2 protein chains.
Amino acid sequence: MATRLSDVAARAGVSVKTVSNVINDYPHITARTRAKVEAAIAELEYTPNVSARSLRKGRSDFIALAVPEMASPYFAELGAAVSRAAKKRGITVLIDQTEGEAAGEKLVLDGMRGQLIDGIIFSPITTSPAKIGSADTAKPLLLLGERHAGGTFDHVAVDSVQASFDATTHLISIGRRRIAAIGVGGGAGTGSVRRKGYRKALKAAGLEVDPTLEVGGPGYHREDGAASMRELLALPEPPDAVFCFNDLLAIGALRALADAGLSAPKDVAVIGFDDIEDGRFHSPSLSTISPDKEWLAENAVALLLDRIAGSAGRRDSAGNGEADRVDLTVPYTLQIRESTGG
Amino acid sequence: MATRLSDVAARAGVSVKTVSNVINDYPHITARTRAKVEAAIAELEYTPNVSARSLRKGRSDFIALAVPEMASPYFAELGAAVSRAAKKRGITVLIDQTEGEAAGEKLVLDGMRGQLIDGIIFSPITTSPAKIGSADTAKPLLLLGERHAGGTFDHVAVDSVQASFDATTHLISIGRRRIAAIGVGGGAGTGSVRRKGYRKALKAAGLEVDPTLEVGGPGYHREDGAASMRELLALPEPPDAVFCFNDLLAIGALRALADAGLSAPKDVAVIGFDDIEDGRFHSPSLSTISPDKEWLAENAVALLLDRIAGSAGRRDSAGNGEADRVDLTVPYTLQIRESTGG
DNA sequence: CTGAAAGCGCTTACAG
DNA sequence: CTGAAAGCGCTTACAG
């Protein structure tokens, strides 16, 4: 049914080896031969069988991106950026939805899709760093997220402590003094990392840390943010500002404010983290920490592909694995919009 | 390096055929043999090589979902639902971002990813129905979107004319008389289909169709909705309600209203289409047409898999292709929220 | 530069 | 029920 390499060879009057050479851009082919082969490929509408190629080469030019949920705007935007970055390099991205479950994440670590994929970019949420560190992955693995810095794998993330410090400091700079944090107990450890930056900023400004103002988690969705905001508004002394550990929480918080007849930034200033597109269109528009997702995607893909190219010869990385591990820090900016009075 | 079937067979003391039988759940295997094999698989941490399997069987258990952009909330939510529906059936979904470009869409139609995928669910936006109809696809293809009803391929979509009629009628039912439409010129023909339902509702209510109130397109993003809304507000006689042909346009429209110091539904009632999650959290929350995305995903995947199973024996569907084509209509509900006074 | 041949790891008739 | 063998469509040493 499908045309094969040998059909093309027959049509062009050359050997299969020559056709293969043309397809794989090997040197030492005369322009004339190349033209003949390319004409035959076009006439027969030939497309190489990737299963056969992958079986033979041990490389598929597929990588996986494993995220908790692809419908979550941050991961959807990240997935789009990673797909684009990979496509530029001739690589296809498989997006894997772990649903944040240990089972799904274990599958990622163990199965690696039956050797189809060459490597994986993994944003874990349930599995602990320790377990990931000891995972016996046959393929290169790159970790996303602040929790995994200093581990045994390559790692790309924002400096979350610094970014959280900046977000909190911004709230202080617009005159707020009773600043809450939403999301401290969640996000796969993200909560504790971002709280660290939040507390640091309070202390640097001589403000007291009040644990009753640190709420939320483990959920990081809009409804969780709304619930946390309601909780804060019910306090004897409600906050005058809130740092939400992601934009989804912040959007929920804005909604809860509106439901209570209050508004940001007048009653409570609100800042988020992620800069998902929707935040720009809310009323009020959402101030946020904006990690450079394009940068993240480009560098994560490039680094993983380097590893894949390098690991072709390696049997075992135990010997030199630790030494050449890379931690990349994603640049970010502070976006000041209406929700903090911008 | 990787363990092979033959390693498992050796370990279990059986033939490769028996191991293959166990893996593929074939009958006539004694419980004892099965247990032995399963133990060997577990001990060796064996995972089948999908490239080899796919090469041999001519089936990969991969399908593709080709959408214009995966970061767009509707497609992200749809992708998540399709992935879930497929996973339940042991199928993996590759998400393909065409970026709405003819080149990307042509690649989908032609290349089919080097015979890796067994079939495709395609949401075209640039390529015309005629071109799609004549595409010589080696693999089963299922089309999404109202524009392609009655074509030569299986097709799953909302009854967009009826849904648009309902959305517009709802605006009339709350007393609005000067009702605009945003998105008429875009969305790959979606615009003209939804306008048909919009006009029908106006006529049914004895209202006049005013072409100056029909704006927007080809873009279907938030900023396009905001631009269209500004255009409408600049009219000598602005509308008192707007039907936006998707939620992204509606969210942009809400934002433009807020920027003009106006609000929905007081000054202008706004209704969208798609029911993306974010619409529920905007202030005001967004009324919309809510297609049942789970239903869509389940049925699209099931139908495509039926075709894949059926096409195994077929050489050419030209003979009987037309006759057994299926058009599925996705159920929807009208969600009345704050933006229309709900 | 080209051709003939082996082999990647499976599945599946074909004999037993 | 099991075993030995062919073959899916490529790529790649190996000879020329």
Side-chain angles (χ1 to χ4, degrees), chain A residues 1-37 40-41 44-62 111-118 138-139 312-313, chain B residues 1-37 40-41 44-62 111-118 138-139 312-313:
Chain A
M1 191 181 106
T3 31
R4 288 155 311 159
L5 202 58
S6 57
D7 300 328
V8 175
R11 176 83 168 216
V14 300
S15 74
V16 294
K17 175 70 161 70
T18 306
V19 180
S20 180
N21 285 345
V22 169
I23 289 170
N24 293 290
D25 262 334
Y26 290 146
H28 308 310
I29 303 171
T30 60
R32 208 180 117 64
T33 306
R34 176 179 292 278
K36 242 185 349 193
V37 170
I41 288 174
L44 298 173
E45 299 185 337
Y46 170 73
T47 50
N49 181 309
V50 304
S51 296
R53 165 180 287 173
S54 163
L55 176 58
R56 181 56 233 243
K57 293 186 71 165
R59 260 199 72 169
S60 63
D61 292 336
F62 276 66
M112 293 290 193
R113 280 195 193 285
Q115 303 146 57
L116 208 219
I117 60 159
D118 296 334
K139 307 286 178 67
Chain B
M1 187 181 111
T3 32
R4 288 154 311 157
L5 202 57
S6 57
D7 300 328
V8 176
R11 177 83 168 219
V14 300
S15 74
V16 294
K17 176 67 162 70
T18 305
V19 180
S20 180
N21 286 345
V22 169
I23 290 170
N24 293 290
D25 263 335
Y26 289 145
H28 310 309
I29 302 172
T30 60
R32 208 180 117 63
T33 306
R34 174 179 294 276
K36 241 182 357 190
V37 171
I41 289 174
L44 298 173
E45 299 185 338
Y46 170 73
T47 49
N49 182 310
V50 306
S51 296
R53 167 180 286 173
S54 164
L55 176 59
R56 180 57 234 242
K57 293 187 71 164
R59 262 199 71 169
S60 62
D61 291 338
F62 276 67
M112 292 290 193
R113 278 194 194 287
Q115 302 145 59
L116 207 221
I117 61 160
D118 296 334
K139 305 288 177 69

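Sequence lines set the chain letters: A, B, ... in the order given, protein chains first and strands last, and positions in each chain run from 1. Predicted model, so just to flag it, every value in this text is computed and none were measured.
- Toward the 5' end of DNA chain D, the nearer of the two residues B:R56 and A:S6, judged by each one's closest nucleotide, is B:R56.
- Proximity of B:T18 to B:K36: side-chain heavy atoms (C-beta onward) are nowhere separated by under 4.5 Å.
- Rounded to whole Å, the P atom of C:dA5 lies 24 Å from the corresponding atom of C:dC1.
- Straight-line distance from the CG atom of B:L5 to the P atom of D:dT2: 14 Å, rounded to whole Å.
- Atom CZ of A:R4 is separated from atom C1' of D:dG7 by 11 Å (rounded to the nearest Å).
- To the nearest angstrom, P of C:dC1 lies 12 Å from NZ of A:K36.
- Rounding to whole angstrom units, CD1 of residue A:I41 and C1' of D:dG9 are separated by 15 Å.
- Using a 4.5 Å heavy-atom cutoff, the side chains of A:N21 and A:T33 are not in contact.
- Nearest nucleotide to the B:K17 side chain, out of C:dT11, D:dG3, C:dC1: D:dG3.
- Within the structure, a side-chain polar atom (N or O) of A:S15 is placed less than 4.0 Å from OP1 or OP2 of C:dG3.
- Rounded to an integer number of Å, the gap from CG of B:N49 to C1' of D:dG9 is 14 Å.
- We find that CG of A:N21 is positioned 10 Å from C1' of D:dT11, with the value rounded to whole Å.
- Base pairing of D:dG16: its partner is C:dC1, meeting the Watson-Crick or G-U wobble criterion (both donor-acceptor distances under 3.5 Å).
- Annotation: of the two residues near DNA chain C, A:V16 and A:A31, the 5′-most nearest-nucleotide partner is A:A31.
- Paired with A:D61 under the rule side-chain contact (heavy atoms from CB on, under 4.5 Å), one option of A:V50, A:D118, A:I117 passes, and it is A:D118.
- Across all their heavy atoms, B:Y46 and B:P48 have their closest contact at OH-CA, 3.3 Å.
- For B:L55, whose side chain is taken as the heavy atoms from C-beta onward, the closest listed nucleotide among C:dT11, D:dG9, D:dC10 is D:dG9.
- Contact annotation: A:S20 side-chain N/O to D:dC10 OP1/OP2 distance is not under 4.0 Å.
- Rounded to whole angstrom, the span from the CG atom of B:L44 across to the P atom of C:dG9 amounts to 14 Å.
- Only the C1' atoms considered, D:dT12 is 16 Å distant from D:dG16, to the nearest whole Å.
- Atom-to-atom, CZ of A:R59 to P of C:dG9 comes out at 17 Å; the value is rounded to the nearest Å.
- Distances shorter than 4.0 Å separate some side-chain N or O of A:T18 from OP1 or OP2 on C:dT2.
- For the 3.5 Å distance criterion, the side chains of A:S51 and B:S54 qualify, holding a donor opposite an acceptor.
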